[in-house]
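Right, one structure below, let's go through it.
For ligands, and for the atoms within them, numbers begin at 1 and follow the listed sequence. Just so you know, these numbers use all the heavy atoms, side chains as well, and skip hydrogens, waters and symmetry mates.
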Amino acid sequence: AANWRPDAQTFGRILLYQGDITRVDTDAIVNAANSSLLGGGGVDGAIHRAGGPAILEECRQIKARQGGCPTGEAVLTTGGALPASYVIHTVGPVWNGGTKGEAELLANCYRNSLRLAAENQLTSVAFPGISTGIYGYPKADAARIAVREVQAFLKGNELPATVVFVAYDEEARWVYEQEL
Ligand code: AR6
């Protein structure tokens with residue numbers, strides 16, 4: 001896993017990579033979805049564009065079965081045409097100033113996504129900065145929670161063996177690097 005990408009930085013079982021998550025070939029990539037699971041902008045739009053209609057069809061079936069995905073929860077679909085085999089769709093909180101339980105809900109996104117990965121025997125999972133785009137969560141606060149939750153989970157679990165943080169731009173990469 002340490003050689004996964006020559007340009008990724010390694011911090012034990014955590015890798016930091018700057019780029020487009022739709023090109024990442026971990027077992028699963030995580031989508032920053034919304035509760036409808038029916039697609040949107042940002043990384044959600046990019047994943048559905050790159051992964052093709054099969055992912056959206058699975059999302060529709062999950063929505064029909066359970067009515068969508070509440071904030072902080074996660075669901076699993078296959079990866080369609082993506083290099084990743086699976087997509088874990090999680091719904092981050094909308095930033096509302098920080099007093100509406102945002103930190104706990106964001107932590108739940110990481111925990112529940114990792115639990116889903118472990119339950120499905122997935123070896124490697126890549127996360128975007130959930131909630132840090134359209135949902136407005138401050139990037140440094142979000143990275144602190146992401147790193148804390150992933151480190152805690154990895155300490156207690158053998159799977160996933162490797163977690164990749166995907167920073168979309170240089171600023172995001174720098175913020176993760178500080179936390180790691
Ligand atoms: N690869 C990696 N990271 C990306 C990519 C990409 N291709 N594209 C964007 N990012 P956002 P949210 C980063 O807005 O804030 C959608 O409409 C981006 O720079 O995608 O959780 C959903 O349907 C940012 O750091 O997700 C929801 O309605 C991070 O991914 C809503 O947006 C997350 O930004 C969710 O908002």
Should you measure from each heavy atom of Asp44, which atoms of ligand 1 turn up under 4.0 Å away? 22 (C), 23 (O)

Using a 4.0 Å cutoff against the non-hydrogen atoms of Gly19, which atoms of ligand 1 qualify? 1 (N), 2 (C)

Hey, looking at atom 33 (C) of ligand 1, which of Ser36, Gly129, Gly42 has the closest heavy atom? Gly129

Can you find a heavy atom in the side chain of Phe165 that is under 4.5 Å from one in the side chain of Phe127? yes

Does Ala46 reach ligand 1 with a nitrogen or oxygen that is under 3.5 Å from one of the ligand's nitrogen or oxygen atoms? no

Between Glu158 and Arg13, is there a salt bridge with N-O shorter than 4.0 Å? no

Please report whether ligand 1 has a polar contact with Ile21, defined as an N or O pair separated by less than 3.5 Å (distance criterion only). yes

Around atom CZ of Phe153, are there more than 12 heavy atoms of other residues, nucleotides or ligands at under 6.0 Å? yes

Would you check if Tyr137 and Leu106 make a side-chain contact, meaning some heavy-atom pair closer than 4.5 Å? yes

shortest atom 36 (O) of ligand 1-to-protein heavy-atom contact is with Tyr135 CG, 3.4 Å

For ligand 1, which atoms, with element, lie under 4.0 Å from some heavy atom of Gly40? 17 (O), 23 (O)

Non-hydrogen atoms of Ile29 and Val24 that approach each other most closely: CG2-O, 3.8 Å

Are the side chains of Ile55 and Asn31 in touch, meaning some heavy atoms are under 4.5 Å apart? no

Verify, without hydrogens or angle tests, whether Thr71 (side chain) and Pro93 (backbone) share a donor-acceptor contact under 3.5 angstrom. no

Can you find an N or O of Ile134 that's nearer than 3.5 Å to an N or O of ligand 1? yes

Which atoms from ligand 1 have a heavy atom of Asn34 less than 4.0 Å away? 22 (C), 23 (O), 27 (C), 28 (O)

Looking only at N/O atoms, are Ala32 and ligand 1 under 3.5 Å apart anywhere? no

What verdict does the salt bridge (Lys or Arg N to Asp or Glu O under 4.0 Å) test give for Glu73 and Arg115, after you've listed the backbone C-alpha separation in whole Å, the side-chain angles of each residue and the deciding distance to 0.1 Å? CA-CA 11 Å; Glu73 306 280 306; Arg115 189 191 307 146; over 6 Å; no

Is there side-chain contact between Glu102 and Ser131, with heavy atoms separated by less than 4.5 Å? no

heavy-atom search around atom 21 (O) of ligand 1 in the protein gives Ser131 N, 2.8 Å

Around atom 25 (O) of ligand 1, find the nearest protein heavy atom and jot down its residue, atom name and distance. Thr132 OG1, 2.6 Å

Contact with ligand 1 for Gly92, non-hydrogen, under 4.0 angstrom: no

Per-atom contacts, ligand 1 versus Gly41 - under 4.0 Å to a heavy atom: 16 (C), 17 (O)

For ligand 1, which atoms, with element, lie under 4.0 Å from some heavy atom of Asp20? 1 (N), 6 (C), 7 (N)

Numbered in order shown, the ligand 1 atoms found under 4.0 Å of a heavy atom of Lys139 are 25 (O)

Does any non-hydrogen side-chain atom of His89 lie less than 4.5 Å from one of Cys69? no

